[in-house]
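Let me give you the structure first, and then I'll get to my questions.
Chain identifiers are assigned alphabetically (A, B, ...) following the order of the sequence lines, protein sequences preceding nucleic acid strands; residue numbering begins at 1 within each chain.
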Amino acid sequence: MSGGRSSIRVLNVAEKPSVAKSVATILSGNQGLRVRDGRSRYNRIFEFPYTINGQSTNMLVTSVTGHLMELEFEDRFRKWHSCDPAQLFQAPVRKFVPSDKLDIKKTLEEEARRCQWLVLWLDCDREGENIAFEVVQVCTAVNPHLTVRRAHFSALIDSNPHFSEQALIDIHEAAQNLVPPNKFFADAVDARQEIDLRIGASFTRFQTMLLRDAFVIDAGNDERNLVLSYGPCQFPTLGFVVERYWEVQSHEPEEFWVINCSHKSDEGISTFNWMRGHLFDYTCTVVIYEMCVQEPTATVTNVRKQEKLKYPPHPLNTIELEKRASRYFRMSSEHTMKVAEDLYQAGFISYPRTETDSFSQRTNLHVGAAIVEEQQGHPVWGSYAQRLLDPGAGIWRNPSNGGHDDKAHPPIHPTKFSAGERSWSQDHLKNYLDVYCFESWGGSLIPSYVLGQQFVPTSLTLDSGVTRPPPLLSEADLLSCMDKEGIGTDATMHDHIKKLLDRFYATKDANTRFSPTNLGEALVMGYDDMGYQLWKPYLRAVMERDMKAVSEGAKSKDEVLETCLHQMKSCFLDLYDQYAYYSMWKPTTVVSYVFWAVGNLGDKARLNKVKLLQAMEIFFERSNRPAGEEQHTSREVIRPCGLCQESNMVLKQNRDGNFMVGCLGYPQCRNVVWLPGSVSEAAVTTNICNSCTPGPVYLIQFKFRRLEIPPDYNASHLGCIGGCDEILKQLIEICGTGNRTSARGRVPTASSGSAQQSNSRQGACIYCHQGGHSSTDCPSQFSGHLGARSRGRNVQQSDESTISCDICGAPCALRTANTANNRGRKFYSCQSQECNFFVWEDSLNNRSVGRSGQRSTMRASASNSRQGSDRGRGGRGAARGAGVTFVSATGDPVSGRRCFVCGDPSHFANNCPNRGN
DNA sequence: GCAAGGTC
């Protein structure tokens, strides 16, 4: 930029009105500042004289409101039925200013025409840089001679009128050190936008049209308007919910044993924890417990005093605000942000969308600080604010540092005093400490001990408990998961959560805990079974890495777009194939897509599995919409069904990869021919068997797994399922079929899944919750209950139940344990997490079990000082002699315990004379 | 009617 005598006009554009106002106020020093309206009611224009590097200028400062432009497909691709969804991976897109931003665009155009320079004051992050280029595009279109520059500022400026010294310095420095805008940053966002659009639109259109018409999905009033959206943020968010739900569902309670000890003295009660925590082996625990009872005098071997500090929370950022509002007020994150926005707009709090959780060292909170001073008149915490500011009180301490700083905004804090406004709802009245009554100090008094001190425990008990499943994800948990995995931004996370509810993918209970709906679970299950990670956070993580590479210039935008979209298109086409294969259920409106897919993908299409549809089948009934047979490609049909004589039989592959030929009339007609378990591939040919009837019966080209068939059989075989094929019959006899024999559980296909996740999902059928088979092979599905599936899985379970929960009275589900100690053992358990009721099926005759923590609890009846007097004579003798050393929690004597080494009931294993023999 | 990201 060259200097000059005449004053030049500079158009300054900020990302939001509040920043425009701050920049104008600071640069003008409030001298000669004029304000006028622009065409947009929110985005005013500030004018004042200013000197940049010796050049006198006439500054105009205005703003946009976030992104000025949107990315969309060209018009001819925008209607849902305008094209094959697969085309959306390469359909032309354009960036344009949407109608609600046209007034801002007009203001920019009008002002840009009359200016020589354009200075961009967008937020200094990638999105800000991208918005900067949108502004540049609009302005240079009407004035190509504009000199374009970027102001880089990190000062924390917002609606707080008390600018810090640093803010003043920063903004002036930024104005004097203008730089060119960074195209790499903007490119990274362009890439992200295009990927999100193409993936989102293609998958959403496809799965909506496919599934909504094929199934009766009971979600909301107007099923026709139901949208089954896919998005790279919303699906991983749903994934978190479903994954936790699966963990809870597949949890098998396991009994454990624990020794508890307490000691009461004049100073109070101490409770001692067993260093081993708990054991799963009853006998071991009893032996150790026995030893304790035998010699109950305890000796203090170590005394450690530790000060426990409770720190005040870090300054508030958006995610923490949402979490705390959810935890303490049960407010949804979406509602919290609405209220926060209200308060921000009215000037009561600072900008509510920030990652920052530490106050800048330069922020003046203390001496003469408006932030605290403002609060001195408050009826509840006003006196606390006064004490804080009183140097004599000495209670001032600077807020802790949370370690995050987005360099754009301070932590969320009050900016204006209010004891409550008339228009405020209860939700607007949230505030902090002494003040912060939502956490307690906790803590308790315990007696002091000295090294070597001896005492006899007041109680020494052998207790039992059962392991419990983790709780369902709360809204705060969900926000943490998203934050940790980088799903969404602080400004959008609540939107993604709300979307799950809006789309009927998940529900939230009164405790703000999320469960997937049948729809949400089916979608995740379908994608998981296809082996795709699309419901996991990795896709977003990869995208984030790529964006970083683009913003650093290490990768080009086009390169990232091509790689990512290529991968996603492969996934899409695979899904598409599966759809084509099951095209008999497709809606007529998309008939052309099927022919397109079959025509392009050939044999592979027909061999593919149909995971998404299979997953949906588990939860939803088929729709009655006509499924015209003519839509079905003839090559997939094997033969007309001889049983119902109405439908065709087609080649299918079940969840476990086993092949079968089943009737399309299912579930009305259950005619099925299972094929050998050793089949690795099966493809329908155009060859027709000349002996089997009713025909035509198309021959199938089989490939067998070499190692699974006898050596004198050919691994390749052109076979007939009509009954004439002796080789096929022999192989079925030798290898068996895949019919309901698989024991595969819902183990995530992701090899990178955590061990915990894998373990948690061992072996349980998602449908009936029994072990030993997967949901597609669930016997319950074939027992005439199919119609009940769409009404929920629990109905199925209650049908099978024979006992009710002792706590809530609800019917229990019969499950099968799959733990090392109890594999295959059946138990009943309550569906409710609160009850935690469970009972072994084989113990029902002598029903001595019940709620966790109560059942089988052993208690030393002489667990007082009297016990000590027995010590010398040997507790063992006492146990044997009195016969009531152990009593159950209900007070009943516990009998039948015996030495596990020799079986003699007169002693325990640790005292067994045969031990070590 | 589709995504996610800004923002009012």
Side-chain angles (χ1 to χ4, degrees), chain A residues 13-20 38 40-44 63-73 77-83 85 88-89 91 93 95 97-98 100-101 103-104 122-123 125-135 159 186 188-209 212 220 222-237 337-338 340-342 344-346 351-354 408-409 482 486-496 498-499 502-503 534 539-540 543-544 547 564-565 568 572 589:
Chain A
V13 183
E15 189 159 322
K16 45 186 166 280
S18 63
V19 171
S40 150
R41 56 185 282 222
Y42 300 110
N43 307 86
R44 307 213 292 170
S63 55
V64 288
T65 44
H67 277 286
L68 184 58
M69 295 181 154
E70 278 178 13
L71 189 71
E72 250 306 349
F73 293 107
F77 295 95
R78 287 179 75 163
K79 285 224 161 78
W80 275 42
H81 296 292
S82 64
C83 68
L88 298 177
F89 282 91
V93 288
K95 252 192 156 184
V97 180
D100 62 331
K101 300 284 177 75
D103 46 4
I104 299 178
L122 287 307
D123 289 0
D125 51 26
R126 285 195 299 235
E127 294 295 335
E129 210 68 20
N130 190 270
I131 300 170
F133 277 86
E134 293 172 358
V135 172
S159 56
V189 173
D190 277 344
R192 197 263 309 146
Q193 286 178 344
E194 194 173 328
I195 290 167
D196 286 348
L197 175 66
R198 291 188 187 281
I199 295 174
S202 57
F203 276 81
T204 299
R205 286 186 194 180
F206 176 76
Q207 76 183 17
T208 301
M209 291 193 283
R212 188 181 60 190
D222 190 358
E223 196 182 301
R224 283 279 152 186
N225 286 336
L226 186 71
V227 172
L228 307 186
S229 60
Y230 174 86
C233 284
Q234 54 180 266
F235 247 58
T237 307
M337 291 312 289
K338 239 185 213 140
E341 181 67 27
D342 280 353
Y344 167 65
Q345 290 300 330
Y351 190 68
R353 288 178 285 273
T354 175
H409 305 287
M482 296 171 76
I487 302 299
T489 67
D490 47 277
T492 61
M493 282 180 189
H494 65 273
D495 284 334
H496 301 311
K498 181 166 182 287
K499 191 151 276 176
D502 291 346
R503 297 278 189 238
L534 302 183
L539 176 68
R540 199 68 190 169
M543 221 183 280
E544 187 61 34
M547 274 176 73
C564 182
L565 290 176
M568 287 305 293
F572 183 84
T589 43

> For A/Tyr230, which contact category applies under a 4.0 Å heavy-atom criterion: base, sugar-phosphate, or nothing?
Replying inline: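 Since only primed, P, OP1 and OP2 atoms lie under 4.0 Å of A/Tyr230, the category is sugar-phosphate.
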>> Holding to ring pair (Phe, Tyr, Trp, His ring centres under 6.0 Å), I want the full list of residues that pass it with A/Phe89, two or more places apart in sequence or in another chain.
In response: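 Ring pair (Phe, Tyr, Trp, His ring centres under 6.0 Å) check on A/Phe89 returns A/Phe572.
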> NA contact type, A/Arg540, heavy-atom cut-off 4.0 Å: base, sugar-phosphate, or nothing?
Replying inline: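 A/Arg540: backbone/sugar contact only, no base atoms under 4.0 Å.
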> Can a side chain N or O of A/Lys499 be found less than 4.0 Å away from OP1 or OP2 on B/dC2?
Replying inline: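 False: A/Lys499 side-chain N/O out of range (4.0 Å or more) of B/dC2 OP1/OP2.
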>> Strictly below 4.0 Å: does A/Arg353 bring a side-chain N or O up to OP1 or OP2 of B/dT7?
In response: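 Looking at the OP1 and OP2 atoms of B/dT7, one of them is under 4.0 Å from a side-chain N or O of A/Arg353.
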>> So, OP1 or OP2 of B/dC2: does either fall under 4.0 Å of a side-chain N or O from A/Ser229?
In response: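 No.
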>> Check the phosphate of B/dG1 against A/His81, side-chain N and O only, distance under 4.0 Å to OP1 or OP2. Yes or no?
In response: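 For B/dG1, neither OP1 nor OP2 has a side-chain N or O of A/His81 closer than 4.0 Å.
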>> With a 4.0 Å limit, can you tell me whether A/Arg503 has a side-chain N or O closer than that to the phosphate oxygens OP1/OP2 of B/dG1?
In response: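 For A/Arg503, the contact criterion (side-chain N or O under 4.0 Å from OP1 or OP2 of B/dG1) is not met.
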> Think A/Thr204 has a side-chain N or O under 4.0 angstrom from the OP1 or OP2 of B/dG1?
Replying inline: no
>> Go nucleotide by nucleotide along DNA chain B from the 5' end; which of A/Leu197 and A/Tyr42 gets its closest nucleotide reached first?
In response: A/Leu197
> OP1 or OP2 of B/dA3 sitting under 4.0 Å from any side-chain N/O of A/Gln193?
Replying inline: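 No, because none of the side-chain N or O atoms of A/Gln193 sits under 4.0 Å from OP1 or OP2 of B/dA3.
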>> So, applying side chain to side chain donor-acceptor pair (under 3.5 Å) with A/Lys95, which one of A/Glu72, A/Glu70, A/Glu134 is it?
In response: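 Single pass found, and it is A/Glu134.
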> Checking only heavy atoms, does the side chain of A/Glu72 share a donor-acceptor pair with the base of B/dC2 at less than 3.5 Å?
Replying inline: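 Side chain to base: pair present.
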> On DNA chain B, nearest-nucleotide positions of A/Asp490 versus A/Thr208: which is more 5'?
Replying inline: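 Whichever sits nearer the 5' end wins; that is A/Thr208.
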>> Using the six-membered base ring of B/dG1, report whether A/Trp80 stacks on it, requiring centroids under 5.5 Å and planes under 30° apart.
In response: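 Stack criterion met.
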